[in-house]
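Each remark here refers to the structure printed beneath this line.
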Amino acid sequence: MALPRYRPQLRQARDPSLLDLFEAYALAASTLDELLQEYPARIELVTEYRQVCADLQAEVVVLLTLTDERLFP
């Protein structure tokens with residue numbers, strides 16, 4: 001699981017925008033896993049999906065640092 005430091009907060013999250021980010025990350029991570037299993041590897045796509053995953057994780061961290069009751073009831 002990504003972002004182990006934030007697992008307690010991730011489990012409590014209820015905000016639709018955060019849940020959408022979780023879904024987008026799951027899809028990107030799944031695609032990245034599939035790309036990594038291909039031979040020959042499509043390096044450009046692997047690099048792109050690694051960046052997408054990193055960007056989504058960064059966006060989740062930003063949202064998790066908000067003290068907004070919408071995120072955590």
Side-chain angles (χ1 to χ4, degrees):
M1 174 187 246
L3 305 172
R5 175 179 174 190
Y6 296 96
R7 283 183 187 161
Q9 287 174 285
L10 293 171
R11 287 186 188 110
Q12 295 176 18
R14 300 291 180 260
D15 182 72
S17 61
L18 194 54
L19 297 176
D20 288 344
L21 282 175
F22 294 166
E23 184 175 350
Y25 179 81
L27 291 171
S30 177
T31 301
L32 176 58
D33 287 342
E34 291 172 15
L35 288 168
L36 290 170
Q37 294 178 19
E38 289 182 356
Y39 185 83
R42 293 186 279 173
I43 301 302
E44 304 84 22
L45 279 177
V46 168
T47 301
E48 182 179 335
Y49 272 90
R50 280 190 174 138
Q51 187 61 53
V52 167
C53 289
D55 291 345
L56 288 168
Q57 285 182 10
E59 196 169 341
V60 167
V61 169
V62 168
L63 285 175
L64 290 176
T65 60
L66 296 175
T67 55
D68 189 337
E69 291 181 5
R70 292 178 307 126
L71 298 176
F72 308 101

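Numbering starts at 1 and runs along the sequence shown. This is a predicted model, so every value here is computed, not measured.
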Query raised in the report: Would a 4.5 Å heavy-atom cut-off, applied to side chains only, mark Leu18 and Leu64 as touching?
Result: yes
Q.
Contact between Val60 and Leu10 at the side-chain level, heavy atoms closer than 4.5 Å - yes or no?
A. yes
With the 4.5 Å side-chain cut-off for hydrophobic clustering, are [X] and [Y] part of the same group?
X: Leu45; Y: Leu56; value: no
X: Leu19; Y: Leu27; value: no
X: Val61; Y: Leu21; value: yes

CZ (Arg50) and CG (Leu36) are apart, to the nearest 0.5 Å, by 5.0 Å
CG of Leu63 to OH of Tyr6, rounded to nearest 0.5 Å, is 11.5 Å
Of Thr47, Ile43, Val46, the one forming a side-chain contact (heavy atoms from CB on, under 4.5 Å) with Leu35 is Val46
**Request:** Let me see the working for Val62 and Glu59 under side chain to side chain contact (heavy atoms under 4.5 Å, CB included), right down to the final yes or no.
**Result:** CA-CA 5 Å; Val62 168; Glu59 196 169 341; 5.6 Å; no
For residues 19-34, the side-chain hydrogen bond (donor to acceptor under 3.5 Å, both in side chains) pairs (sequence neighbours left out) are Tyr25-Gln57
